[in-house]
A.B. asks: 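Handing you this structure, nothing more for now.
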Amino acid sequence: MKNLEIARLLDELADALEFHGENPFKVSAYRRAAKILRDFTEDIEVYAKEGRLQEIPGIGEGIAKKIKEYLETGKITKHKEVISKTPREILELLKIPSLGPKTLKLAHDKLGVKNLDDLKRVIEDGSLARLPGMGPKKVENIKKGIELYEGFTGEEKRWQLGLVIPVVTSLVEEIKKFPGVKKVVPAGSYRRMKETVGDIDILCIGEPGGEIIKKFTELPVVERVLACGETKGSIIEKSLKIQIDLRVVPERSFGAALQYFTGSKAHNIKLRTLAKGKGYKISEYGVFKGEKYIAGETEEDVYAVFGLPWIPPELREDRGEIELALEGKLPRLVEYDEIKGDFHIHSKYSDGANTIEEIAKKAEEMGLEYIAICDHSRSLKYAGGLDIDTLKRRNEEIDRLNEKFKIKILKGMEVDILQDGSLDYPDPVLEELDVVIAAIHMGFKKNVTERILAAMENPLVDIIAHPTGRLISGREGYDVDLEKIMERARELGVALEINAYFDR
DNA sequence: GCCGTTTTCGGCCCGACTGTTTTCAGTCG
Ligand SMILES: Nc1nc2c(ncn2[C@H]2C[C@H](O)[C@@H](COP(=O)(O)OP(=O)(O)OP(=O)(O)O)O2)c(=O)[nH]1
Ligand SMILES: [Mg+2]
Ligand SMILES: [Mg+2]
Ligand SMILES: [Zn+2]
């Protein structure tokens with residue numbers, strides 16, 4: 001699939017055009033198209049072949065032509081042209097916080113800055129600070145930006161959602177203790193439950209101009225203060241070196257502000273444009289008609305002004321959710337309280353963190369009806385895979401615990417699919433189990449589709465674990481024909497796992 | 001560059017923080 005390659009080129013074209021001072025709306029149009037391609041789940045080449053590119057909102061005549069050109073020739077002439085008159089390393093410098101396209105262009109035109117070393121030189125010799133509109137403080141901020149930039153390694157840094165949860169939870173508790181704070185909630189990509197987050201966004205109710213932001217920037221977890229104003233502040237947090245943005249609004253704006261701060265940006269722009277068309281204005285302070293405040297206390301109120309139901313944050317990506325909401329056709333999402341059990345739990349017998357008893361207790365507290373303990377099988381040595389005797393002992397322990405607990409504890413295993421497609425235990429061992437998950441953990445490149453298909457043919461196999469094999473910010477998925485696997489799984493009644501662990 | 005039951009031209013979301021300004025530009029959310 002060439003979606004990502006094309007997205008990268010369009011983004012680079014946008015950066016270069018912006019550097020050269022092109023119309024900002026044109027620049028946005030390229031960026032928007034790049035994002036659409038990056039989020040596109042189908043192969044753009046198929047769309048191109050069928051002549052349907054312009055059916056995609058945000059892709060018009062010009063960009064459709066460029067996509068076709070790339071698919072046919074492997075390049076985009078316009079991109080080549082613009083890049084050829086742009087110094088090779090200069091666009092990279094746009095990643096430096098507080099250095100944007102205008103300043104960069106100025107430094108390039110007036111001082112001949114072409115790369116990071118040039119930039120550092122004009123900072124040190126004072127020439128950057130003497131340019132019109134520049135001054136010592138701006139230069140100091142760019143200098144700090146360079147330090148941050150050199151701290152990121154290579155690509156834009158993002159954090160797995162599960163890794164930031166403890167930081168967010170404890171921070172929210174800290175902020176709740178500030179005087180004058182009524183409510184504190186996480187927003188941004190964290191609330192939208194994205195796989196990874198680029199920062200942490202937190203909203204609170206309080207009086208603007210109070211001490212809240214100042215206190216936030218003085219917390220012990222603060223490594224560096226990036227901004228500190230009346231209604232918002234930004235810091236870098238010590239343990240993860242992640243940026244945290246705090247926004248403060250009054251109570252009557254809480255819903256509008258939560259809507260704004262939850263995003264996504266594209267969702268906000270779509271909603272605000274819709275409002276504007278109907279003669280309203282939406283900001284983080286509320287919905288307004290002229291000067292008049294119409295709504296803003298809750299998110300429901302804000303959406304309701306436009307005849308929309310409340311839209312779950314997980315859907316707010318401008319991927320058609322606003323159109324569906326308008327038609328009253330939003331999909332119903334599975335809620336936590338609908339989850340009846342968990343089929344994939346590792347215990348201390350293999351690489352889990354807890355004993356089966358501890359797990360059962362916790363699961364009962366969570367209101368689950370059943371759990372399946374599915375430890376790793378014997379070949380997976382690095383994850384404490386169980387030999388047949390240990391498995392037997394573990395099963396006996398589960399029998400004993402089932403007498404003690406109300407919750408049903410199932411005997412399961414996550415059995416490795418070996419290189420030849422056979423399973424890691426003989427059938428008589430599998431027959432002792434209530435649940436058999438089959439999974440590939442070794443040989444990701446070798447005949448994955450065939451091996452999974454072979455494993456599914458065994459009538460003792462109930463579930464295929466993590467069928468894509470991807471690790472979020474770790475590893476591309478297996479080279480696997482998922483459609484083939486889905487088709488056969490349906491025929492055989494084998495379940496395909498949706499693994500919700502935060503790096504899967 | 002994209003887009004359109006008020007438009008095929010002329011708009012394109014809206015606001016905070018900072019530094020450099022004497023009324024605003026740049027950067028960011
Ligand atoms: N209306 C509007 N809202 C924005 C804009 N940029 C950001 N926001 C809102 C929506 C975002 O979800 C929210 C937080 O901004 P972030 O830059 O932290 O983005 P977000 O958390 O969505 O993604 P991230 O994982 O941090 O990259 O602020 C913008 O240009 N316009
Ligand atoms: Mg964010
Ligand atoms: Mg943010
Ligand atoms: Zn596994």
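Numbers restart at 1 for each chain; the letters A, B, ... are given by sequence-line order, proteins then strands. These values consider heavy atoms only, across backbone and side chains, with no hydrogens, waters or symmetry-generated copies.
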A.B. asks: Any idea which of B:dT27, B:dC14, B:dC17 is nearest the A:Ser283 side chain?
C.D. replies: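 So the side chain of A:Ser283 is nearest to B:dC14.
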
A.B. asks: Can you tell me how far P in B:dT27 sits from the matching atom in B:dT21, rounded to whole Å?
C.D. replies: 15 Å

A.B. asks: Please evaluate the base of B:dG1 for a donor-acceptor partner in the side chain of A:Asn23 within a cut-off of under 3.5 Å?
C.D. replies: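 Present.
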
A.B. asks: Can you figure out which of B:dG1, B:dT20, B:dG15 approaches the side chain of A:Pro136 most closely?
C.D. replies: B:dT20

A.B. asks: Between A:Ser234 and B:dC17, does any side-chain N or O lie under 4.0 Å from OP1 or OP2?
C.D. replies: no

A.B. asks: Which comes earlier along DNA chain B counting from the 5' end, the contact point of A:Gly135 or that of A:Tyr30, where each point is its nearest nucleotide?
C.D. replies: A:Tyr30

A.B. asks: In this structure, how many angstroms lie between the C1' atom of B:dC14 and the OH atom of A:Tyr293, rounded?
C.D. replies: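 Distance check: A:Tyr293 OH to B:dC14 C1' gives 17 Å.
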
A.B. asks: Please classify the nucleic acid contact of A:Lys270 as base, sugar-phosphate, or nothing, using heavy-atom distances under 4.0 Å.
C.D. replies: nothing

A.B. asks: Which part of the nucleic acid does A:Phe25 contact within heavy-atom distance under 4.0 Å: base, sugar-phosphate only, or nothing?
C.D. replies: base

A.B. asks: Taking only the C1' atom of each, what is the distance from B:dT23 to B:dT18 in whole angstrom?
C.D. replies: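 Here B:dT23 and B:dT18 have their C1' atoms 15 Å from each other.
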
A.B. asks: Given A:Glu72 and A:Lys68, is the salt bridge (charged side-chain N to carboxylate O under 4.0 Å, His left out) satisfied, shown in steps?
C.D. replies: CA-CA 6 Å; A:Glu72 283 159 17; A:Lys68 273 191 247 157; over 6 Å; no

A.B. asks: Taking the minimum atom-to-atom distance to the side chain of A:Ala29, which one of B:dG1, B:dT27, B:dA16 wins?
C.D. replies: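 Between B:dG1, B:dT27, B:dA16, the one nearest the side chain of A:Ala29 would be B:dG1.
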
A.B. asks: Nearest to the side chain of A:Lys26, heavy atoms from C-beta on, is which of B:dT20, B:dC13, B:dG1?
C.D. replies: B:dG1

A.B. asks: For the C1' atoms, the ones on B:dG11 and on B:dA25, what distance do you get once it is rounded to whole angstrom?
C.D. replies: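 Looking at atom C1' only, B:dG11 and B:dA25 are 22 Å apart.
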
A.B. asks: Report the nucleotide, chosen from B:dT18, B:dG26, B:dT20, that has the shortest atom-to-atom distance to any side-chain atom of A:Ala227.
C.D. replies: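 Shortest atom-to-atom distance from the side chain points to B:dT18.
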
A.B. asks: Taking all non-hydrogen atoms of both residues, which atom of A:His466 and which atom of A:Glu497 are closest, and how far apart?
C.D. replies: N-OE1, 2.8 Å

A.B. asks: Would you indicate what A:Lys138 reaches in the nucleic acid, counting non-hydrogen atoms under 4.0 angstrom: base, sugar-phosphate, or nothing?
C.D. replies: sugar-phosphate

A.B. asks: Give A:Glu140 one of three labels, base, sugar-phosphate or nothing, depending on what nucleic acid heavy atoms sit under 4.0 Å from its own.
C.D. replies: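 Answer is nothing: A:Glu140 stays at 4.0 Å or more from every strand.
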
A.B. asks: Of A:Lys137 and A:Ser98, whose closest DNA chain B nucleotide lies nearer the 5' terminus?
C.D. replies: A:Lys137

A.B. asks: Let me know the distance between CD1 of A:Ile142 and P of B:dA25, rounded to the nearest Å.
C.D. replies: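 Those two atoms, CD1 and P, are 18 Å apart.
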
A.B. asks: Could you walk me through whether A:Asp118 and A:Arg121 pass salt bridge (charged side-chain N to carboxylate O under 4.0 Å, His left out), step by step?
C.D. replies: CA-CA 5 Å; A:Asp118 292 345; A:Arg121 179 174 47 76; 3.6 Å; yes

A.B. asks: Checking all strands, does A:Pro24 fall into the base, sugar-phosphate, or nothing category for heavy-atom contacts under 4.0 angstrom?
C.D. replies: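 The residue A:Pro24 makes no contact with any strand.
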
A.B. asks: At less than 4.0 Å, is any side-chain N or O atom of A:Lys276 found next to OP1 or OP2 of B:dG11? Yes or no.
C.D. replies: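 Looking at the OP1 and OP2 atoms of B:dG11, neither is under 4.0 Å from any side-chain N or O of A:Lys276.
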
A.B. asks: Rounding to an integer number of Å, can you tell me how far A:Leu10 CG sits from B:dC2 C1'?
C.D. replies: 14 Å

A.B. asks: Taking the side chain of A:Arg247 as its heavy atoms from C-beta onward, which of B:dT20, B:dC14, B:dA16 lies nearest to it?
C.D. replies: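 Closest nucleotide to the A:Arg247 side chain: B:dA16.
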
A.B. asks: Just label B:dT6 as syn or anti from its O4'-C1'-N9-C4 or O4'-C1'-N1-C2 angle, using within 90° of 0 for syn.
C.D. replies: anti

A.B. asks: Measure from CG on A:Asp199 to C1' on B:dT27 and round the result to the nearest Å.
C.D. replies: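 To the nearest whole Å, that distance equals 15 Å.
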
A.B. asks: So what does A:Ser28 hit on the nucleic acid, given a heavy-atom distance under 4.0 Å: a base, only sugar-phosphate, or nothing?
C.D. replies: nothing

A.B. asks: Taking any strand in view, what nucleotide pairs with B:dC17 in a Watson-Crick or G-U wobble way, both distances under 3.5 Å?
C.D. replies: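 Paired with B:dG26.
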
A.B. asks: Taking only the P atom of each, what is the distance from B:dT22 to B:dA16 in whole angstrom?
C.D. replies: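 Their P atoms lie roughly 23 Å apart.
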
A.B. asks: Once you round it to whole Å, what is the distance between C1' of B:dG1 and CD of A:Glu69?
C.D. replies: 16 Å

A.B. asks: Is there a donor-acceptor contact under 3.5 Å from the side chain of A:Tyr478 to the main chain of A:Ile440?
C.D. replies: yes

A.B. asks: Looking only at atom P, what distance separates B:dC13 and B:dC3, rounded to whole Å?
C.D. replies: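 B:dC13 and B:dC3 have their P atoms separated by 13 Å.
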
A.B. asks: Aromatic contact between A:His344 and A:Tyr501, with the criterion being ring centroids under 6.0 Å apart: yes or no?
C.D. replies: no

A.B. asks: When the C1' atoms of B:dG15 and B:dG10 are considered, how many whole Å apart are they?
C.D. replies: 24 Å

A.B. asks: Taking CD from A:Glu55 and C1' from B:dC2, how many angstroms apart are they, rounded to a whole number?
C.D. replies: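 In whole Å, B:dC2 C1' and A:Glu55 CD are 16 Å from each other.
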
A.B. asks: Mind calculating the distance between CE (A:Met134) and P (B:dG19) to the nearest angstrom?
C.D. replies: 12 Å

A.B. asks: Check this one for me: any side-chain N or O of A:Lys232 less than 4.0 Å away from OP1 or OP2 of B:dC28?
C.D. replies: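 No, outside the criterion.
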
A.B. asks: Looking across every strand, which nucleic acid part, if any, lies under 4.0 Å from A:Asn268 by heavy atom: base, sugar-phosphate, or nothing?
C.D. replies: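 Nothing: the residue A:Asn268, judged by heavy atoms under 4.0 Å, touches no strand.
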
A.B. asks: Measure CD/A:Glu61 against P/B:dT8 and give the value in whole Å, please.
C.D. replies: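 After rounding, the gap between these two atoms is 18 Å.
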
A.B. asks: Under 4.0 angstrom, heavy atoms only, what part of the nucleic acid is A:Ile269 near: base, sugar-phosphate, or nothing?
C.D. replies: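 Since a base atom lies under 4.0 Å of A:Ile269, the category is base.
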
A.B. asks: Under 4.5 Å between any side-chain heavy atoms of A:Asn3 and A:Arg38, yes or no?
C.D. replies: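 A side-chain contact is absent here, since even the closest heavy-atom pair is not under 4.5 Å.
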
A.B. asks: The side chain of A:Pro57 is closest to which nucleotide in this list: B:dG19, B:dC3, B:dT27?
C.D. replies: B:dC3

A.B. asks: Does a side-chain N or O from A:Gln54 land closer than 4.0 Å to OP1 or OP2 of B:dC3, or not?
C.D. replies: no

A.B. asks: Report yes if the distance between the aromatic ring centroids of A:His20 and A:His108 is under 6.0 Å, otherwise no.
C.D. replies: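 No; A:His108 has its ring centre 6.0 Å or more from that of A:His20.
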
A.B. asks: Any base atoms under 4.0 Å from A:Tyr285, or only sugar-phosphate, or nothing? Heavy atoms, all strands.
C.D. replies: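 Sugar-phosphate, backbone atoms only, no base.
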
A.B. asks: Output yes when A:Glu195 and A:Arg158 qualify as a salt bridge under the 4.0 Å nitrogen-oxygen rule, no when they do not.
C.D. replies: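 Looking at A:Glu195 and A:Arg158, the cut-off is not met.
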
A.B. asks: Would you classify A:Lys278 as touching base, sugar-phosphate or nothing, given that sugar-phosphate means primed atoms plus P, OP1 and OP2, and contacts are heavy atoms under 4.0 Å?
C.D. replies: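 Here A:Lys278 touches no strand at all.
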
A.B. asks: Nearest to the side chain of A:Ile63, heavy atoms from C-beta on, is which of B:dG1, B:dC28, B:dT18?
C.D. replies: B:dG1

A.B. asks: Please determine if a side-chain N or O atom of A:Thr273 lies less than 4.0 Å away from the OP1 or OP2 oxygen of B:dC12.
C.D. replies: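 The answer is no; no side-chain N or O of A:Thr273 sits under 4.0 Å from OP1 or OP2.
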
A.B. asks: Need one value for A:Leu271: base, sugar-phosphate or nothing, where a base atom within 4.0 Å counts as base even if backbone is also close, heavy atoms only.
C.D. replies: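 A:Leu271: no heavy atom of the nucleic acid under 4.0 Å.
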
A.B. asks: From the options B:dG26, B:dG19, B:dC13, select the nucleotide whose nearest atom is closest to the side chain of A:Lys102.
C.D. replies: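 Looking only at heavy atoms from C-beta outward on A:Lys102, the closest nucleotide is B:dG26.
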
A.B. asks: From the options B:dC14, B:dT18, B:dT27, select the nucleotide whose nearest atom is closest to the side chain of A:Cys228.
C.D. replies: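 Among B:dC14, B:dT18, B:dT27, the one nearest the side chain of A:Cys228 is B:dT18.
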
A.B. asks: Considering only NZ, NE, NH1 and NH2 on the basic side and carboxylate oxygens on the acidic side, decide whether A:Lys215 and A:Glu174 come within less than 4.0 Å.
C.D. replies: no

A.B. asks: In whole angstrom, give me the gap between the C1' atoms of B:dG1 and B:dT5.
C.D. replies: 24 Å

